[in-house]
Amino acid sequence: MEIIGTIAGITLSISFGIAYAPQIFRMFKLKSARDISVSSILLNLSGYLSGLTYVAVNQLSDNVWLVVNYSTGCIMTLATLYAWFRYSK
């Protein structure tokens with residue numbers, strides 16, 4: 001059963017980690033963020049930061065996939081936010 005949990009954790013981390021990539025690439029390619037909701041980006045960032053805080057407060061840092069998931073999510077959300085600021089004009 002532990003292997004199923006590990007595979008699920010890896011899949012979760014990869015899925016959430018790369019979920020923003022198509023949108024980021026699209027914004028850079030089109031040089032436009034016209035259809036992107038900044039409130040959605042900020043809400044996602046808030047969720048990922050809350051997740052990292054939860055992991056830290058509850059001393060769950062040994063759960064590597066939670067840390068990877070929330071960290072990668074934060075990085076990709078920040079990249080999306082950067083692209084939004086750059087191309088929202």
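All figures in this text were calculated on a predicted structure; none of them were measured in a lab. In what follows, every heavy atom counts, from backbone to side chain, and hydrogens, waters and symmetry copies are set aside.
Using a 4.5 Å cut-off on side-chain heavy atoms (C-beta onward), Leu81 and Leu42 make contact. The shortest side-chain heavy-atom distance between Asn44 and Ser40 falls under the 4.5 Å cut-off. With contacts defined as side-chain heavy-atom distances shorter than 4.5 Å, the pair Ser71/Leu52 qualifies.
Donor-acceptor pairing under 3.5 Å is lacking for the side chains of Asn69 and Tyr48.
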### Task
For ring-ring contact (aromatic ring centres under 6.0 Å, His included), just list the numbers for Tyr54 and Tyr70, CA-CA rounded to whole Å, side-chain angles, deciding distance to a tenth of an Å, and then say yes or no.
CA-CA 10 Å; Tyr54 175 81; Tyr70 294 135; 8.0 Å; no
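The CH2 atom of Trp84 sits 9.0 Å away from the OG atom of Ser37 when rounded to the nearest 0.5 Å. Of the inter-residue distances, the one linking Tyr87 atom OH with Met27 atom CE reads 9.5 Å to the nearest 0.5 angstrom. Atom CZ of residue Arg26 and atom CG of residue Asp35 lie 5.5 Å apart, to the nearest 0.5 angstrom.
Exactly one of Ile41, Val38, Ile75 qualifies for a side-chain contact (heavy atoms from CB on, under 4.5 Å) with Thr80. That residue is Ile41.
Residues passing the side chain to side chain contact (heavy atoms under 4.5 Å, CB included) test with Leu49 are Leu45, Cys74, sequence neighbours excluded. Legend: residues meeting side-chain hydrogen bond (donor to acceptor under 3.5 Å, both in side chains) with Arg86, ordered by chain and number and at least two apart, are Tyr82. Listed by chain and residue number, nothing satisfies the ring pair (Phe, Tyr, Trp, His ring centres under 6.0 Å) test with Phe85 (two or more places apart in sequence, or in another chain).
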